[in-house]
Amino acid sequence: MSNPDSYRPAPPPPQSGSISLQAMPTRTPQTGTYLEGLNPEQKDAVIATEGAVLVLAGAGTGKTRVLTCRLAHILEGGMAYPSQILSVTFTNKAAREMRERVGGLIGQTVEGLTWLGTFHSVAAKILRIHAELVDLKSSFTILDTDDQIRLIKQVIRSQDIDDKRWTPRYMASLIDSWKNKGLTPDKVTHKEAFKFAEGKGGEIYKIYQDRLIVLNACDFGDLLLHNLTIFTKHPDVLAKYHRKFRYILVDEYQDTNVCQYLWLRLLAQGTGNLCVVGDDDQSIYGWRGAEVDNILRFEKDFPGAKVVKLERNYRSTEHILGAASGLIATNEDRLGKTLWTDLEGGELVTVTGVWDAPAEARMISNEIENWKSQGRLYDEVAVLVRASRQMRAFEERFIALGLPYRVIGGPRFFERLEIRDAHAYLRIILSETDDLAFERIVNTPKRGIGQTSVQKLQMAARSMNVSLEHATRELVKTDEIRGKARSALKAFLLDAKRWRADIGVLKPVDLAERVLDESGYTQMWRDNKDAKSQGRLENLKELMQAISEFDTLEGYLEHVSLVLDVESGPQEDEISLMTLHAAKGLEFPLVFLPGWEEGVFPSQKSLDENGLAGLEEERRLAYVGITRAREKAKIYFAANRQIYGSWQSSIPSRFIDELPPQHVTAEAETGYYDHSYNRGMAEEVSESFVSSFERSRTSPGWQRYKQSQKSATVITGTATRKPVKNKGTNFKVGERIFHQKFGYGTIKSADGAKLTVAFEKSSEKKVLDGFVEKV
DNA sequence: GCGCAGCCCATTTTT
DNA sequence: TGGGCTGCGC
């Protein structure tokens, strides 16, 4: 970003108990220092506080600056209290950055911005206040993707659907996509429901939602979706937020999905002061529900909206911008803006053909060493790939040469196996009704409690309509589970009881350490000689560090699901290696863009599944990639690439041909490719383009759809835990029964659901009534 | 209940 | 080619 020097501490905000809310904003002559150094368009965007405003902010045009200045402007002008501004971002990182930068402008007042956060954290906050309106308790837990899939798997199995043919992952993605569109189970169309298991998709969604309520839990999609339900069914609640939020600000609007759009639209009905900032050319998350259409349609949705285009770029040279602009101009579906800069000259964007991926890595490594030897930093360099598997070649090369690098993105800290296990322990001691947590760790470390035992616990829990832990307590009193499993379960229950007694006594960290120690969890990894276990132990240590910053376990767990992410370690001088997606929002003086080949980039899969829309999104990704560069952008393509183990010769990406020649220069490594050869390839490229559309009709998705159309069946009833009151048994003393394992017998006595049965082929045993049937 | 060998399937990822 | 999952044998 430019002109950071104009950021100076702002004067203290007007201190008064009666801020005039109707102060005419445009006449507020509060010429705070924050307005200095803004270009005319930026200033325009900052002071247009009233009504609907769309700020189309191209790459590197000072978007964050506009957002933060706008906040400062509203606050310093006394137009609203900090708590009356709703500002939403997509990532925690963006929220944190905004908070920091606004703090730099207005000082302490920033702490009052209680409604600055991600969509999800703001929605969770609202949902906790009104949880009971959607049958939740305000203490609801937020499930991560892993829990979500496990739960869905259970539901699928409970419906006797083959979970190999119809995978829980696929069902989860459908549910997510429905939630992204704001669809509750009753609103899912037949056609949509038929995407899964011959039409059972809708039913599974419904059962899954019911299960979530029983578990007092939400998945990520629910946070927003429940908000929608609350706002639409309870206008009084919505009205309260209308009164509360005087101004709404949205970052990265092009990434919003339908649900988020509806949520914003409802909230904006209050004052109508909705300002969204985004760039349609950088919409790269369509596959995850983002609707570019939201930003394309903004002026229609909010008639009279003011549109401000930020096109002056402060980041890149004219050749980089020229190349990127020329490329993106090929897209049809865009609002259209052209970046410009007064940074004249600079180097042409290079396009280089190489033999294969190792050659590509070798060549790029050489360039990086060159750069370093010229006194520049590794920190200034990024290698941006389309798919993470392309990273391997670079990592190998960097390691061989001893070049320091860091991978950005990849598996997140809190999604690691050991961290999830540890969380499950904490969750279960905090809430004994957390069945998912119980299931996860009841046999981790191995205690001899196998699948069959767990299944029995589940059956018992279902038949008694209680939690798994509760069912366990009952079941160990009987002979349903015996031997090692039974004693292990008993011991586990005792452990849990002991740990719970320390809640509020020990500090969260100390409790957590004790639990992981006494459960044998830490020992399990110490004993494991796998190469990764050392790292896992270190992660657990890091986890303790994170927990130590909280006073209560609840507080910690609340944050962990939505807000917390681990700060990256001390900054060293390292090359950044990441996907193009991960690079959005970042900038580097020197950017390498390897793998520009048909099928790799644009990705064949994207083309197959989404046709022209997919291609346009890939092109936006290319645009994002090029515009990350400040000084140099270097594109590569290989003549041969290994795909799934086998070598394939490849064709240069069509995107290479779309770069305006005046901003590009071809550098061939050895003459396998030169620019004219590449041009000749254009014929073949367009042919493959046509064939990709042909292929789309034979794609798996299309096939699956056709198949599901053919074999439609009637939706069947449900069989999950229904909120039925826990009652005694239906069995009578003296009655003859059958038990799967023990055979026939006669009931001697009954104690609630616990039966004492004299079995004919076995001795007298205590069993649960859910396990026997009348004969 | 646990460990290993063969098998299948492969973007992008935030909350 | 390689990682993750399943099914089989102990």
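Each chain gets a letter, A, B and so on, in the order the sequences are listed, and its residues count up from 1.
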Any side-chain N or O of A:Ser453 less than 4.0 Å from the OP1 or OP2 oxygen of B:dG1? yes
Of the options B:dT15, B:dT12, B:dA10, whose atoms approach the side-chain atoms of A:Ser388 most closely? B:dT12
Compare the minimum distances between each of B:dT11, B:dT13, C:dT1 and the side chain of A:Thr579, then state the nucleotide with the smallest one. B:dT13
By nearest-nucleotide position on DNA chain B, the 5'-leaning member of A:Thr452 and A:Gly645 is A:Thr452
Once you round it to whole Å, what is the distance between P of B:dT14 and CG of A:Asn180? 15 Å
Between B:dT13, B:dT11, C:dG2, which one does the side chain of A:His581 approach most closely? B:dT13
Is it true that A:Arg620 and A:Glu617 have a side-chain N and a carboxylate O under 4.0 angstrom from each other? yes
Interatomic distance at C1', C:dC5 relative to B:dT12, whole Å: 23 Å
Taking CD from A:Gln604 and C1' from B:dA10, how many angstroms apart are they, rounded to a whole number? 14 Å
Measure the distance from CG on A:Asp255 to P on B:dT14 and round it to the nearest whole Å. 12 Å
When you get a sec, tell me which of B:dC2, B:dA10, B:dT15 is the closest nucleotide to the side chain of A:Thr145? B:dT15
Nearest to the side chain of A:Arg392, which nucleotide is it out of B:dT12, B:dT15, C:dG2? C:dG2
Closest approach of A:Ala485 and A:Ile481, non-hydrogen atoms and distance? CB-CG2, 3.6 Å
How close or far is atom P of B:dT13 from atom CG of A:Leu586, stated in whole angstroms? 13 Å
Given that A:Gly448 and A:Glu618 both sit by DNA chain B, which one's nearest nucleotide is further toward the 5' end? A:Gly448
Whether A:Trp287 stacks on the six-membered ring of B:dT12 base, 5.5 Å and 30° limits: yes
Among the nucleotides B:dT12, C:dT1, B:dT15, which one has an atom lying closest to any side-chain atom of A:Gln642? C:dT1
Are any of A:Arg641's side-chain N or O atoms less than 4.0 Å away from OP1 or OP2 of C:dT1? no
Of the options B:dT11, B:dG3, B:dT15, whose atoms approach the side-chain atoms of A:Lys446 most closely? B:dG3
If the threshold is 4.0 Å, N to carboxylate O, is there a salt bridge linking A:Asp421 and A:Arg536? no
Validation row: A:Tyr521, A:Pro445 side chains within 4.5 angstrom (heavy atoms): yes
Please report, rounded to the nearest Å, how far the C1' atom of C:dG4 is from the NZ atom of A:Lys164. 14 Å
Considering just the side-chain nitrogens and oxygens of A:Asn92, establish if one lies under 4.0 Å of OP1 or OP2 belonging to B:dT15. yes
Does B:dT11 have OP1 or OP2 sitting under 4.0 Å from an N or O in the side chain of A:Arg389? yes
What's the CG-C1' distance between A:Leu417 and C:dG4, to the nearest Å? 13 Å
Let me know the distance between NE2 of A:His120 and C1' of B:dT13, rounded to the nearest Å. 12 Å
Ignoring hydrogens and geometry beyond distance, is a side-chain donor-acceptor pair present between A:Tyr405 and A:Glu395 at under 3.5 Å? yes
To the nearest angstrom, the NZ-P distance between A:Lys93 and B:dT13 comes to 13 Å
Regarding the side chain of A:Leu562, the nearest nucleotide among B:dG3, B:dT15, B:dT13 is B:dT15
Should the pair A:Glu252-A:Lys63 be classified as a salt bridge under the 4.0 Å nitrogen-to-oxygen rule? yes
